[in-house]
**Student:** 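The structure under discussion is supplied below as structure tokens; questions concerning it will follow.
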Amino acid sequence: MSDSSEALATHELRHHFENMEQQSGASSMGMWVFLITEIMFFGGMFMAYLAYRYEYFTAWQEGSQHMDFWIGTVNTAVLICSSLTMAMAVLAIQQGRRRLTSIMLTITLCFAIAFLVLKGIEYHGHWLAHEFPGPSFHFAGIDPRHVEMFFVLYFVMTGFHALHVLIGIGLVSTMLYMNERGHFSADYHNPIENVGLYWHFVDLVWIYLYPLLYLIGHHHVG
Amino acid sequence: MFDNFPLWPAIASNHALPVDLLYIFLVVLSAVMTLAIFATIAVFGLKYRRRHGREAHQIEGSLILEITWSVIPLGIFMVLFGWGAVIYFHERTPPRDSTEIYVVGKQWMWKVQHQEGQREINELHVPVDRDIKLIMTSQDVIHSFFVPAFRLKQDVLPGRYTTLWFHAIRPGTYHLFCAEYCGTQHSGMIGSIIVLNPADYEAWLSGGGGEGSLASTGQKLFQQLGCGSCHRSDTQGRGPNLVGVFGKPVLLDDGRTVTADENYVRESILNPGAKIAAGFKNIMPSFQGVVNEEQLLSLVAYIKSLQGSAGAPASNQAAAPNTSAKPRVK
Amino acid sequence: MEHIVSAKIYFTVWAVLMCLTVTTAAVSYLDLGAFSIVVALIIATLKGSLVVLFFMHAKYINVKATLLVILAGFFWLIILLLMTMTDYITRAWS
Amino acid sequence: MATATTVTAERENYLNASYGFRSWLLTTDHKRIALLYLISITFFFFIGGFFALLIRLELLTPQGDLVQADTYNKLFSMHGQVMIFFFLIPAVPAVLGNFLVPMMIGAKDLAFPRINLLSWYLFIIGGGLMLYTILTGGVDTGWTFYVPLSTAFLGTHVVLAAVSIFIAGFSSILTGLNFIVTIHRMRAPGMTWGRMPLFLWSNYATAIIQVLGTPVLAISLSLVGLERLFHLGVFNPQLGGDPLLFQHLFWFYSHPAVYIMILPGMGVVSEIIPCFSRKRVFGYEFVALASIGIAVLGFLVWAHHMFVAGISVYSAMVFSFFSYLVAVPSAIKVFNWTATMYKGKIYYTTPMLYAMGFIGLFTMGGMTGLFLASLGVDVHVTDTYFVVAHFHYIMVGGMVMAYLAGMHFWWPKITGRMYPEGWGRLAALTIFIGFNLTFFPQFILGWTGMPRRYHAYPAEFQVLNVLSTAGSTVLAVGYLLPMVYFLWSLRYGKEAGDNPWGAAGLEWKTTSPPPTYNFEETPVVTWEAYNYDDLPKEVPVVG
Ligand code: HEA
Ligand code: HEA
Ligand code: CUA
Ligand SMILES: [Cu+2]
């Protein structure tokens, strides 16, 4: 495309920056600032989790036993693998290997979709087990109300996480598309790097969600 | 003070004076500081106002001054903090033998239950010169029990008990306000606190058509709900013997220990599984939705009254169906 | 200008992350009482640090301010959690 | 000075560089975006002010006779939400900050111009939703959205209002993000941190709060929304949810947010006082670091809004303690501003009058904050008009004054025209008098026990309420005046020249109005901030 090369030129150094280094430094710093707002956003939910776990210890133990341990564990592995491929995508474009970049981005996408599919299966299981909070919630064991609260937090936290995965899929797809159109090169690839940062952040959140939701009560069933 | 133009709220409880003293101190302090700053600005403003031929002196700053005006305010602030904290701590620690009165807030009224059985709405009669402790909860949203003449305020929360204590020092009628925004008629959720001389108070007590003491209401309920089928006065019941439990530490089956206060008893009735007494199974059904806040309070009052050998729980009462209890109003 | 991390490092980090995942999953079968959550969180933090340091290049950032930003994020998270817990933990005291 | 109103062949500047709606709505020029913000927030200020007037009218008599109780509740809720989220939080950062931050550090623009534009669009979307909420029946949660009232008991547009604030919050985050990166990465050669104007320091501190605090507001409002929409009742007492948890999360943002609302104003004042005293600011480092100190300590005090809410006694003490600590840096600032006037050459221009008003009223508001931070006194005065008076003293007396001070000070730079000085002083005086008449009586009302958010009140409080209402009409006139003469000056104002005040700061080194990229060539800074010894000894426009 003719305008893509033009876009390339204008994207390389935007008028208000003095040089490329200032531009890419600003861009990655901006991304980090954005990510810490994300930390605080999830922080609010972790706060709720912490306070209630402190107050309703037994119910948390109970609730955690009703997680799907295997899906949770596999999903953890899936996200870690996707982080690797994302990192490889960034590496590839740093080296100017556009084709490899596209391949890596595609694999990342596959992992992301796999994660969501597994999550969907898991949610479906909870639905069948009447573990969705609300009027249909049913729990036979000890302290059902507080266990319901555990599930509320489970759905809120994993729900917001899944939303971030979804956004991530959108972003990675965009990168893939732009890369195919030749927007990126060894000299200019800030967007891919930033999407990479975003994606690793999504992984990071899950790394904490996994033990907090799936593992705390696991040994009782094990 | 003035009927139409009050400058000072009535002083009617033991907390009023300490709060007023601190307040006066703060008023004087801030008046002095504010005037000092206004005066300095005015003096500088006049003395150094622009005049032809005068130039500004360039001054960088002064470390000594900076330290002075950081450390001195800090010192003053610490005094304020300590003073305020002491008052607050005192306000939040009710004396052991206070008379307990139960309060339920709901949109948009205050319901009061006395130990002796009297019930009131939007009014609270208390005797002068006695320590009173209010145990309060809300049936719906957050309200706040506010008596300006007592300098007291405490939010009233759904799902939990909060307390307040005072010692009225002057007979009279005082405002009771709801101070936490609670919906349409928030400003209509007002009432009066009527502080009576001991004699008048006795007269009021005997005048009211109480249906027996609160604890006895609780006892009846205890029987109706079949609590007694598990909670017996010996050690044979399926549930723990409740005599003497209140106020004592309870060992839980996960190893933690909690004090059996009002909130614990409340939770034990509504969410028995949340904290399980050691040595027992989680078989107690939840009474959430079966008893309303007022009934809950009478149960609490009853369990509280089970100290030592006094009225033991009715032991061999057959488990009555729950139908007699009013469903929880929402 | 920018640091290029070798593929070897990425793969190593990935392998360690996978191992840690298996470990934490395996440990969850043991009943460590109150410690199981501690162990799980320590492992999670290890994994998290690896992701931040290597995948997210925090180890190679040469702009001090960006590092400050990252630290600030975690510091403020801790403020939120700790200061709120001062309330929950001491509620039962009085 | 050129008194001519004739339009000479103007130099090219950011205003006349291009014409048409498109050139404004798609602009990435920080100065144009600042003007877009200016128009938007002025609009919201008058909406919020309109609600305020209705509140005051209702409170003229003890009975609730002007509007229904529900309507009254909507009035103060929407007054609070509009004023805070759609006026005061963006006021100085998004208007003056946007305009000045790049210029003051000698950059061509903010680091992310398109994100800057995006932030305005988010603001407009949020604002549009808020307007829609208002027009379709409003919301009556109070500005605090306390649960479970907001989640389970109100039938109004709670979710809509929450979404609108969520979006406006994002706009605020993006502004903060832009400022942080810009100040770190875009400073002109020689513009070290120690040479930055204090306005930048305070906007930087503000940005820290915006970035770290706002997401927590976002999540707490989201949780309210989820509870209403999907029964995901994180705060639902029926499931053991704790209403206080919401309050913790809400105030974790909303207390620091009050510093979002004051720090930029402090920055404005730190520019104006030196300029009209013709001397360096006293104790530069201390004023600069005090801003950062406030931003950090400000995050440790939030539960002072919850002293009677049912938090633990010990926790209350911790938060009370930190509330006193955070007052120290504010004190340092007040003392340094005052000391700056010492041996200066003081000009009573409109901005200076506002700035002096700011010091006085902020001090009074801050001092009464000390009453509230004191546990013993707060139990009595919390949720009364004492609190209402406290925060209006700081936010209206302090911040709105600072905002007006800044608008007058930089008006010549923004538009290239002078405002009429006489009218300016008159308005400043009117506002000062009207303000005190409106809000001083409220301290007494609060202390004697009148609760806030009351639609009707006991008759004994009437006299003071009447005074307050009277004051608010004076205040309204005071606020209308600048509207009128600012608009007037766009056409008839004297031409300002590049540096009418003889002020320090890079923004005065370029033309008025500035060209699109601010400077002909990137400036190189070799001097300290506030180098008034190198500048004209007199203020040029005044002489
Ligand atoms: C811009 C907004 C702003 C600012 C800057 C402040 C600043 C302060 N605020 Fe305020 N506050 C609000 C806006 C603000 N507040 C709002 C909106 C509410 C109500 C919210 C609601 O419920 O709707 C509120 C409520 C509020 C409460 C809760 C009241 C209640 O509901 O019970 C408290 C309690 O501690 C408090 C304290 C303080 C303190 C200690 C400061 C300090 O930072 C002040 C520091 C400044 C000074 C102290 C003055 C200068 C100092 C000197 C001149 C030194 C000399 C003095 C001596 C030596 C004594 N504020
Ligand atoms: C930035 C913040 C800000 C600002 C600027 C103001 C400005 C004013 N506020 Fe407000 N106020 C709050 C923030 C603010 N307020 C908050 C957060 C609350 C708490 C809400 C809650 O409880 O949830 C509150 C609550 C509040 C109350 C308490 C209500 C109650 O508790 O029942 C009162 C009562 O007097 C009041 C009055 C005023 C007045 C008279 C002004 C005046 O300064 C306003 C002056 C401005 C004007 C008068 C505009 C002039 C315009 C015109 C004259 C034109 C008319 C307009 C049209 C025709 C469209 N405010
Ligand atoms: Cu009940 Cu306000
Ligand atoms: Cu505060």
**Student:** With a 4.5 Å cut-off on heavy-atom pairs, point out which of B:Leu22, B:Asp140, B:Ile190, B:Leu152 contacts chain D the most.
**Tutor:**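 Most pairs with chain D among the choices: B:Asp140.
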
**Student:** Please classify the contact of D:Thr384 with chain B as side chain, backbone, both or neither, using a heavy-atom distance under 4.5 Å.
**Tutor:**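 Side chain of D:Thr384 only, per the 4.5 Å heavy-atom cut-off to chain B.
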
**Student:** Quick check: B:Tyr48 with D:Tyr342 (ring centres under 6.0 Å apart)?
**Tutor:**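 Yes.
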
**Student:** Specify which of B:Ala31, B:Cys182, B:Ala274 makes the most heavy-atom pairs with chain D at under 4.5 Å.
**Tutor:**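 Most heavy-atom pairs under 4.5 Å with chain D: B:Cys182.
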
**Student:** Do you know which of B:Phe38, B:Phe89, B:Trp69 has the most heavy-atom pairs under 4.5 Å to chain D?
**Tutor:**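 Highest number of heavy-atom pairs under 4.5 Å: B:Trp69.
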
**Student:** Please determine, among B:Pro18, B:Ser30, B:Ala10, the option with the most heavy-atom pairs under 4.5 Å with chain D.
**Tutor:**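 Of the candidates given, the most pairs with chain D belong to B:Ser30.
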
**Student:** Do D:Arg452 side-chain atoms and B:Tyr181 backbone N/O form a donor-acceptor pair below 3.5 Å?
**Tutor:** no

**Student:** Taking the side chain from B:Gln58 and the backbone from D:Arg278, do they hold a donor-acceptor pair closer than 3.5 Å?
**Tutor:** yes

**Student:** Taking 4.0 angstrom as the limit, do D:Lys345 and B:Glu55 come out as a salt bridge?
**Tutor:** no

**Student:** Can you tell if the side chain of D:Val379 reaches within under 4.5 Å of the side chain of B:Arg92, non-hydrogen atoms only?
**Tutor:** yes

**Student:** Testing the basics here: between B:Met78 and D:Phe321, what is the closest heavy-atom pair and its distance to 0.1 Å?
**Tutor:** SD-CE1, 3.4 Å

**Student:** Check D:Thr338, D:Ile346, D:Thr363 against B:Ile41 for a side-chain contact (heavy atoms from CB on, under 4.5 Å) and give me the one that passes.
**Tutor:**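 So the option named by the test is D:Thr338.
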
**Student:** Does B:Ile64, at its CD1 atom, have more than 12 non-hydrogen atoms belonging to other residues, nucleotides or ligands within less than 6.0 Å?
**Tutor:** no

**Student:** Looking only at heavy atoms and a cut-off of under 4.5 Å, which of B:Ala149, B:Ser70, B:Gly159 has the most pairs with chain D?
**Tutor:** B:Ser70

**Student:** When you compare the side chain of B:Ile142 with that of D:Pro148, does any pair of heavy atoms fall below 4.5 Å?
**Tutor:** yes

**Student:** So for D:Phe371, is it side chain, backbone, both, or neither that comes closer than 4.5 Å to the heavy atoms of chain B?
**Tutor:** both

**Student:** Can you tell me how the ring of B:Phe177 sits relative to the ring of D:Phe461, calling it parallel under 30°, perpendicular over 60° and tilted otherwise?
**Tutor:**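 Correct class here is tilted.
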
**Student:** Quick one: what part of B:Val27 sits under 4.5 Å from any heavy atom of chain D, side chain, backbone, both or neither?
**Tutor:** both

**Student:** Where does D:Leu149 contact chain B at under 4.5 Å (heavy atoms): side chain, backbone, both or neither?
**Tutor:**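 Contact with chain B is through both the backbone and side chain of D:Leu149.
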
**Student:** Which pair of non-hydrogen atoms, one from D:Pro451 and one from B:Cys178, has the smallest distance, and what is that distance?
**Tutor:** CB-O, 4.4 Å

**Student:** Please state whether the side chain, the backbone, both or neither of D:Phe322 comes within less than 4.5 Å of a heavy atom of chain B.
**Tutor:** neither

**Student:** Decide yes or no on side chain to side chain donor-acceptor pair (under 3.5 Å) for B:Glu91 and D:His380, but give the supporting numbers first.
**Tutor:** CA-CA 11 Å; B:Glu91 278 175 1; D:His380 175 58; over 6 Å; no

**Student:** Within the 4.5 Å heavy-atom criterion, are D:Gln238 and B:Gln288 side-chain neighbours or not?
**Tutor:**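 Yes, close enough: below the 4.5 Å cut-off.
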
**Student:** Taking B:Val71, B:Leu26, B:Ile87, B:Val19 one by one, which has the highest count of heavy-atom pairs under 4.5 Å against chain D?
**Tutor:** B:Leu26

**Student:** Answer yes or no: does atom NZ of B:Lys47 have more than 12 heavy-atom neighbours from other residues, nucleotides or ligands under 6.0 Å?
**Tutor:**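 Result for NZ/B:Lys47: open.
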
**Student:** Counting only heavy atoms closer than 4.5 Å, note whether D:Leu244 contacts chain B via side chain, backbone, both or neither.
**Tutor:**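 Interface part for D:Leu244: side chain.
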
**Student:** Tell me, out of D:Asn336, D:Leu445, D:Ile444, who's got the most heavy-atom pairs with chain B below 4.5 Å.
**Tutor:**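 Greatest number of close heavy-atom pairs with chain B: D:Asn336.
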
**Student:** Quick one: sort the B:Tyr23 and D:Phe386 rings into parallel, tilted or perpendicular, breaks at 30° and 60°.
**Tutor:** perpendicular

**Student:** Of the backbone (N, CA, C, O) and the side chain (C-beta and beyond), which part of D:Tyr348 lies under 4.5 Å from a heavy atom of chain B, both, or neither?
**Tutor:** side chain

**Student:** Would a distance-only check, ignoring hydrogens and angles, find a side-chain to backbone donor-acceptor pair under 3.5 Å from B:Tyr88 to D:Phe307?
**Tutor:**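 Indeed, once roles are kept as given, a pair shorter than 3.5 Å links the two residues.
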
**Student:** Side chain, backbone, both or neither: which part of D:Val381 has an atom under 4.5 Å from a heavy atom of chain B?
**Tutor:** backbone

**Student:** Chain B: which of D:Pro329, D:Ala309, D:Gly360 shares the most heavy-atom pairs with it under 4.5 Å?
**Tutor:**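 Option with the top pair count is D:Ala309.
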
